[in-house]
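These notes concern the structure reproduced below.
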Amino acid sequence: MANKSRFDPRNLKSGWPVWVAAAAALVFGLVLLIWPGIATDVILNLCGAALLIAGAWKIARYFLRKDDYRAYNWDLSVGLVLALCGLALIAFKAALLSVVPVLFGIALLIGGVAKIQAACNLRRMAYDRWYLTMIAAVISCILGFLIIANPFATTLVLVRVIGASIAIEAVQDLISILTYNRTVTTHFVD
């Protein structure tokens, strides 16, 4: 006899990785908000150092391997590219800081659009407070647009706004996850 699996709404609920990601985003946003200069400098130096180390490892691996595989691998070129990217990241931090806000603004816009979809889904499931998620979505979209438009004079102010936006987004995500999990559970009750 075939074992028929029954629909289980718990499979639709958000798991712990989503909660951890939202909490990490909240901490990251608060760090950018409170210590913008130090945070950006440390982040860019760490990323640059990581790329340099990865590049050095690939280059060393290319020269240390003795088997026939060595003729077919790309470790040397990949290592050089990684090392050069690491050096560029460390050397041209100021130029990169002008690009980072735009990327965060785009990420906020994408998050806002995803929340619009979540609000529409909640409305279809007859959740009476779906509009709260829609409001959060609109706020995310507005913050993302403001960051992309870059109306601020200094990068540090912009980094603080990015930090505040990430923290707000993370809180909205935590609230949305909680709301979604509760709604899924009550919507699919037999």
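Only heavy atoms go into these numbers, but all of them, side chains included; no hydrogens, no water, no symmetry mates. Keep in mind the model is a prediction, meaning the values are calculated, not measured.
In the hydrophobic clustering of ILVMFWY residues, with side-chain heavy atoms under 4.5 Å counting as a link, W74 and L82 come out together. Hydrophobic clustering keeps I59 apart from L52 (ILVMFWY residues linked when any side-chain heavy atoms are closer than 4.5 Å, directly or through intermediates). Linking Ile, Leu, Val, Met, Phe, Trp and Tyr whenever their side-chain heavy atoms come within less than 4.5 Å leaves V31 and V161 in two separate clusters.
Take L89 and apply the side chain to side chain contact (heavy atoms under 4.5 Å, CB included) test, not counting sequence neighbours, and it matches L44, C47, L51, L96. Qualifying side chain to side chain contact (heavy atoms under 4.5 Å, CB included) partners for A22, counting only residues two or more places apart in sequence or in other chains: D173, L174, I177.
Two residues are said to be in side-chain contact when any heavy atoms from C-beta on lie closer than 4.5 Å; F63 and L76 meet this criterion. Side chains of N45 and I90 form a contact here, defined as non-hydrogen atoms less than 4.5 Å apart.
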Would you mind writing out the side-chain donor-acceptor pairs for residues 101-114 within the sub-3.5 Å range, not counting sequence neighbours?
none

Going by atom type alone, with no hydrogens or angles, which donor-acceptor pairs under 3.5 Å involve a side-chain atom of residues 34-42 and a protein atom two or more places apart or on another chain?
unit_1	atom_1	unit_2	atom_2	d
T40	OG1	P36	O	2.9
T40	OG1	G37	O	3.1
D41	OD1	K93	NZ	2.7

Distance-only donor-acceptor pairs under 3.5 Å for side chains of residues 132-146, two or more places apart:
unit_1	atom_1	unit_2	atom_2	d
S140	OG	A136	O	3.2
S140	OG	E169	OE1	2.6
S140	OG	Q172	OE1	2.9

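Taking NZ from K115 and CG from N121, the interatomic distance works out to 13.5 Å, rounded to the nearest 0.5 Å. How far CG of L122 is from OH of Y127: 7.5 Å, rounded to the nearest 0.5 Å.
Pairs of residues two or more places apart, or lying in two chains, never qualify as side-chain hydrogen bond (donor to acceptor under 3.5 Å, both in side chains) while including a residue from residues 157-166.
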